[in-house]
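So the structure is just underneath, and the comments pick up after that.
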Amino acid sequence: MKSKPTEQDVQWEKKLFQETPDFNFTENVMKEIEHVEMEHGEEVAVNMEHRKRMNRRKRRGIISIAAACIILGGSLTIWSQPELKRQVMSIVSPIWEQEDEMFKNEEKMSEWFWYDDYLRSKPLGLIQYPKLKVEDKGYSFEVKQVQFDGSTLMIAVVEKGPDGKILQDPLEATLDEESIKVTDLQGNKIAKRGRTIGDLSGLSNYVFLFDDDIPDTVVVKSDTSQIAISTEDYSREKVDVDWNFEFKVDTRRGKELAIYETIQDAKYTTKDGLELDLNRFIRTVNGIRLDMDITPNAEMISKLQPGWWWDISLWYHFEAEGTDGSIGHVGDRINYSARKVEGIKYNSEQHSLWFSNIPYFETLPPDKKKLKFVLDGYSVPVKEEAEVKVQLEQGGKTNKAELKDNGDEISFTKYTYEKDEETKEDVLRINMEGITTNDLGPSDYWVALDHTGKEYKVDFEGAIGTTEGDRNLYELTGMQMLVKGYPIDAKEITIKRKVVNKVVTDVDWSVDLPSYTSLPWEKVGQE
């Protein structure tokens, strides 16, 4: 459970809304009303000249209301009075809506993964409430809130079934088919989907990361015609629904409060032929974002598995200036995967991967100066074969044959046979010992062969633990290999690894990241 706001958070809010006059308020109102269109009670034909006159009258009315608010506010600015601020913003912003009641329940919402971002974003005006709900056959999709901090668009949604229960990832299959799109007003896609973790708050979080140029207004639309639901037997069933919707998001405030930097000539090529190009750096009130292009050369492409881009992992840390001026270490390989948001997009024509990463705010706050990115290593599945022949001796013993490959030293020791409870077929279980430098996981591809060359599927059970003194070595602890259907009278078995999720730590690359003189969100309430 996340903690309640600290004293530092309280002071931060006070700083944002300190009681000083905002001399730019009238100018800001003028900027806002330039985008306001006349709303008609009925659909009628309006000629352009008449529309211009109506818009001018409406703007004058808004200015009068805003001026009255300033007078009523006295020495306090409108921004130091949240309710008054909300009323004015409801006038000058056509997309501002009353906050949903569920976000006022701090105890409930503190379980929400994005709650801390919400606390930082709300006082800055980075939250919008489209008030959109679509429902078909009892299945509903309701948008509760949208956050845009200048880099990331997060759409908080409640999805329910006919029984009123929360649905689990109903769009998991269709998101890759772009059932939800973020576009400009002309329909051009301008944002890529990001990956983030779920939570127990009952909210689904749909995250999108923007490309280079962000228009002032973006459109979120969906033409979802099918969802997936969980059944009582834990399988997934497809249901046809009509979840078509569209709403707009104003991005101007978020863009004003973000710092965008382009990084030049920050490229590195590994010994295996993987080129890394760190080219974009963004600071927002909710954290730091790094964008990188990852491109293998022709020789490396021939070794990579299809879908390699989905399984690649990067290890890196940051170095930053401390309060005393010293350069300290931020993050490490142990928590490298602790990313709030990760975005990937593969270009099949160029064999290039766009990779975007937003670390947790607690790991890398956006106010860090003299910040340096340091690569520690990476892993990627490659087609490199290695095999070992194991003699199955009497009494459940083996010849302790050892597989030595890519830094791995794995021995196959004792073995037993058992019956699969469901299929009733024989299963050969072999104990494994040794150390590995590579990731012995789902990205690996192992097979077993009998004396005729027939292949059998291989599974693993057990655990891998780190060794003392060397973070790059892992010890096999109680690891076992299972081979279903292997002949019970066999005298030997050939174990082959066809694909290794190769871990590479022989790297030497760091990049000094752009710094800053001031942060735009710290100026709020100080103008």
For Ser121, run the side-chain hydrogen bond (donor to acceptor under 3.5 Å, both in side chains) check against Thr284, Asn286, Asp116, Asp149 and tell me which one passes.
Asn286
Spell out, as yes or no, whether a donor-acceptor pair under 3.5 Å connects the side chain of Gln128 to the backbone of Asp250.
yes
For Glu461, all residues meeting salt bridge (charged side-chain N to carboxylate O under 4.0 Å, His left out), sequence neighbours excluded
Arg429
Holding to side chain to side chain donor-acceptor pair (under 3.5 Å), I want the full list of residues that pass it with Glu246, two or more places apart in sequence or in another chain.
none
Test your reading of the model: is there a side-chain donor-acceptor pair from Thr224 to the backbone of Gln226, 3.5 Å cut-off?
no
Which atoms form the tightest heavy-atom contact between Pro381 and Asn501, and what is the distance?
N-OD1, 3.3 Å
Going by heavy atoms in the side chains, are Trp308 and Leu353 under 4.5 Å from each other?
yes
Applying side chain to side chain donor-acceptor pair (under 3.5 Å), can you list everything that pairs with Asn347, at least two apart in sequence or on another chain?
none
Ser352: which residues meet the side chain to side chain donor-acceptor pair (under 3.5 Å) condition with it, sequence neighbours left out?
Thr295
With Glu421 via side-chain contact (heavy atoms from CB on, under 4.5 Å) - residues at least two apart
none
Hey, what's the ring geometry for Phe210 with Phe148, parallel, tilted or perpendicular (30° and 60° as the breaks)?
perpendicular
For Thr183, which residues count as a side-chain contact (heavy atoms from CB on, under 4.5 Å) partner, sequence neighbours excluded?
Lys181, Val219, Lys221
For Asp367, the side chain to side chain donor-acceptor pair (under 3.5 Å) test, sequence neighbours excluded, returns none
Can you list everything that forms a salt bridge (charged side-chain N to carboxylate O under 4.0 Å, His left out) with Lys502? Sequence neighbours excluded, please.
Asp272, Glu384
State, with a plain yes or no, whether a side-chain heavy atom of Arg280 is found less than 4.5 Å away from one of Leu290.
no
Any Ile294 side-chain heavy atom under 4.5 Å of Leu274 side chain
yes
Decide yes or no on salt bridge (charged side-chain N to carboxylate O under 4.0 Å, His left out) for Asp240 and Lys137, but give the supporting numbers first.
CA-CA 9 Å; Asp240 293 332; Lys137 300 176 183 176; 5.4 Å; no
I need the Glu111 CD to Leu203 CG distance, nearest 0.5 Å.
12.0 Å
Arg289: partners by salt bridge (charged side-chain N to carboxylate O under 4.0 Å, His left out), with sequence neighbours left out
Asp291
Looking at residues at least two apart in the chain, or sitting in another chain, which of them share a salt bridge (charged side-chain N to carboxylate O under 4.0 Å, His left out) with Lys189?
Glu178
When rounded to the nearest 0.5 angstrom, what is the spacing between CG in Leu132 and NZ in Lys144?
11.5 Å
Name the atoms and distances for all side-chain donor-acceptor pairs under 3.5 Å in residues 160-167, with sequence neighbours left out.
from, atom 1, to, atom 2, distance (Å)
Asp163, OD1, Lys165, N, 3.0

I want to check something: taking the side chain as every heavy atom from C-beta on, are Asp444 and Val499 in contact at a cut-off of under 4.5 Å?
no
Would you say the rings of Trp354 and Tyr346 are close, in the sense that their centroids are separated by under 6.0 Å?
no
Distance check, rounded to the nearest 0.5 Å: Ile282 atom CD1 versus Ile358 atom CD1?
8.0 Å
May I ask you to decide if the ring planes of Phe318 and Phe373 are parallel, tilted or perpendicular, using 30° and 60° as cut-offs?
perpendicular
Between Arg283 and Tyr260, is NZ or CZ placed under 6.0 angstrom from the six-membered ring centre and within 45° of the ring axis?
no
Could you list the residues that satisfy side-chain contact (heavy atoms from CB on, under 4.5 Å) with Glu232, not counting sequence neighbours?
none
